[in-house]
Amino acid sequence: MNIIRRRGWEIPESEITPEHLVFSRRKLLIGGAGALALAPVLGAGLAQAQRTTDAANLPDPNAGLYPAKHNDKYALDRPITAEKVNANYNNFYEFNSSKDVAEQAQALPVRPWTVKIDGLVEKPIELDADDLIKKIGLEERAYRHRCVEAWGMAIAWTGFPLAKLVSLANPQGSAKYIKMETFLNPKVAPGQRQPWYPWPYVEGLTMAEATNDLAFIATGAYGHPMAKQHGAPLRLAVPWKYGFKSIKSIVRFSFVEERPKGMWEKLQASEYGFWANVNPKVPHPRWSQATEEVIGTGERRPTLLFNGYGEFVADLYKGLDGERLWA
Ligand SMILES: Nc1nc2c(c(=O)[nH]1)N[C@H]1C(S)=C(S)[C@@H](COP(=O)(O)O)O[C@H]1N2
Ligand SMILES: [Mo]
């Protein structure tokens with residue numbers, strides 16, 4: 001994501017650099033004289049990553065559920081992005097802040113994976129992600145994806161509606177929001193060793209949003225279990241909102257009364273808020289949201305209100321006029 005790092009103790013406000021610039025500068029450093037000095041350290045890191053990867057690649061007992069039956073309620077207005085493109089252009093800050101994260105993400109052990117469901121529920125539960133998937137069952141849906149950075153893609157997800165997890169959890173009437181949390185494992189996720197991010201990654205939805213049929217928990221993509229860089233084994237897909245709401249590699253769902261603060265909101269509230277619904281007419285403080293780059297095609301298209309999903313979700317926002325719904 002394109003954020004401004006707040007490291008006031010290091011650099012004056014005027015010199016704070018947008019994320020993508022910071023990254024390319026670092027790459028240059030590694031390519032230069034720094035490369036030699038870093039080599040032994042990197043070698044050890046790779047050996048460790050290799051061991052972790054072995055433990056992370058136990059067989060998927062649900063592999064036979066893919067490809068799942070396609071639900072064609074949500075039609076696309078553009079071709080699905082080629083898998084090769086989509087699997088190599090990712091935002092996953094736990095690993096690094098470039099789009100080139102696929103290789104590093106392979107170090108994440110995704111099996112076994114325990115999911116906690118807690119907070120304002122009848123009874124808190126902990127269950128294995130594979131058991132959860134088997135219990136709920138899978139379907140396939142093609143969704144658009146619109147990152148707040150003004151690019152988009154289209155993806156065939158496999159998964160289940162978040163509403164099914166909500167009914168499994170049986171939340172109390174006092175629950176107003178669902179808060180979701182990503183794993184915290186700085187040993188395998190180098191981005192989590194960068195202390196200026198308020199880890200773990202957190203996101204939230206209102207109960208009405210979470211139980212809208214469009215809110216989807218994806219466990220697979222392109223007809224097979226999901227690649228780690230997309231957020232295996234469970235990630236959210238809320239295609240009417242900017243991509244940062246679609247939290248990856250979820251370990252915990254908590255039902256809460258207070259509105260959760262997402263990681264990006266904690267970091268930069270003036271740019272990334274709770275609602276973050278896609279709206280071409282409301283610019284990001286630092287760039288326009290009117291159009292988007294369709295990754296892998298070189299095309300720019302006009303961005304659509306609610307990313308084109310208004311007929312399914314616009315009703316959720318009636319009577320919320322005082323809220324900052326669009327960023
Ligand atoms: N845990 C976690 N979830 C995350 C992110 C992240 O860095 N960490 N990035 C978000 C952003 S900004 C986007 S655009 C999407 C990218 O999903 P994709 O890489 O599968 O296309 O994931 C979202 N979910
Ligand atoms: Mo994003």
Side-chain angles (χ1 to χ4, degrees), residues 1-3 19-20 23 80-106 108 110 113 142-159 179-186 188-192 194 196-205 216-222 225-253 260 262-268 271-273 276-278 284 286-287 289 292-296 303 307 327:
M1 180 121 64
N2 198 330
I3 56 134
E19 187 61 51
H20 65 285
F23 179 76
I80 288 182
T81 305
E83 177 170 11
K84 228 179 147 180
V85 171
N86 205 333
N88 290 289
Y89 191 89
N90 305 97
N91 270 334
F92 207 163
Y93 276 66
E94 281 80 351
F95 293 95
N96 71 59
S97 56
S98 78
K99 301 290 178 281
D100 186 8
V101 56
E103 201 182 316
Q104 273 188 302
Q106 303 317 307
L108 179 66
V110 297
W113 188 275
Y143 277 177
R144 286 183 291 270
H145 173 88
R146 171 60 158 79
C147 177
V148 72
E149 297 162 331
W151 54 264
M153 293 202 200
I155 305 153
W157 294 123
T158 310
K179 174 184 169 195
M180 289 154 277
E181 243 177 76
T182 296
F183 70 85
L184 184 62
N185 188 349
V188 297
Q192 291 188 328
Q194 300 180 309
W196 52 88
Y197 294 106
W199 306 112
Y201 202 102
V202 164
E203 264 307 334
L205 298 171
F216 199 62
I217 294 292
T219 66
Y222 297 93
M226 192 168 2
K228 291 180 185 180
Q229 61 268 33
H230 283 308
L234 298 170
R235 67 83 62 79
L236 181 69
V238 279
W240 71 99
K241 293 182 178 283
Y242 290 117
F244 69 89
K245 294 294 295 182
S246 289
I247 178 172
K248 296 179 168 183
S249 305
I250 303 169
V251 294
R252 185 173 176 197
F253 297 85
M263 189 185 83
W264 295 111
E265 188 180 358
K266 280 186 205 152
L267 204 59
Q268 194 81 347
E271 304 192 352
Y272 309 108
N277 295 307
V278 176
H284 181 278
R286 290 182 285 136
W287 58 84
Q289 296 290 23
E292 65 206 55
E293 182 191 348
V294 185
I295 299 301
T303 287
N307 199 20

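Both ligands and their constituent atoms are indexed starting at 1 by order of listing. Sequence positions, counted from 1, serve as the residue numbers for this chain.
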query: Can you check whether Y222 reaches I80 side chain to side chain, under 4.5 Å on heavy atoms?
result: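 When only atoms from C-beta onward are counted, I80 and Y222 do touch, with a gap below 4.5 Å.
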message: Does any part of the side chain of M263, heavy atoms only, come nearer than 4.5 Å to the side chain of F244, both counted from C-beta?
response: no
- request: Tell me which one of K248, Q229, M226 gets a heavy atom nearest to atom 19 (O) of ligand 1.
  value: K248
message: Minimum distance, heavy atoms only, to atom 17 (O) of ligand 1: which one of H230, R235, M153 is it?
response: R235
Quick one: look up the protein heavy atom nearest [atom] and list residue, atom name and how far away it is.
atom                    : answer
atom 9 (N) of ligand 1  : N91 O, 3.3 Å
atom 8 (N) of ligand 1  : E94 OE1, 2.8 Å
atom 6 (C) of ligand 1  : Y201 CE1, 3.3 Å
atom 14 (S) of ligand 1 : H145 NE2, 3.2 Å
atom 7 (O) of ligand 1  : Y93 N, 2.7 Å
atom 24 (N) of ligand 1 : S246 O, 2.8 Å

Under 4.0 Å from any heavy atom of [X], which atoms of ligand 1 are there?
X    : result
F92  : 6 (C), 7 (O), 8 (N)
F244 : 10 (C), 11 (C), 12 (S)
C147 : 14 (S)
I247 : 3 (N), 24 (N)
T182 : 1 (N)

task: Report the relative orientation of the aromatic rings in W157 and H230; use parallel for angles under 30°, tilted for 30 to 60°, perpendicular for over 60°.
output: perpendicular
message: If we set the cut-off at 4.0 Å for heavy atoms, which region of E149 has an atom near ligand 1: side chain, backbone, both, or neither?
response: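 For E149, there is no contact with ligand 1 at all, from either part.
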So, [X] side chain and [Y] main chain: donor-acceptor pair closer than 3.5 Å or not?
X    : Y    : answer
W199 : G191 : yes
Q192 : N185 : yes
K248 : Q229 : yes

- prompt: To the nearest 0.5 Å, what is the distance between CZ (F183) and CH2 (W113)?
  reply: 6.0 Å
message: Pairs of nitrogen or oxygen atoms closer than 3.5 Å, one from Y89 and one from ligand 1: do any exist?
response: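 No, Y89 has no N/O under 3.5 Å of an N/O on ligand 1.
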- prompt: Counting both backbone and side chain atoms, is some N or O of N90 under 3.5 Å from an N or O of ligand 1?
  reply: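 Yes - when backbone and side-chain N and O of N90 are compared with those of ligand 1, one distance drops under 3.5 Å.
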- prompt: For M180 and I247, which heavy atoms make the closest approach, and how far apart are they?
  reply: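 Heavy-atom minimum between the residues: O-CD1, 3.3 Å.
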query: Cut-off 3.5 Å, side chains only: do N91 and K99 have a donor facing an acceptor?
result: yes
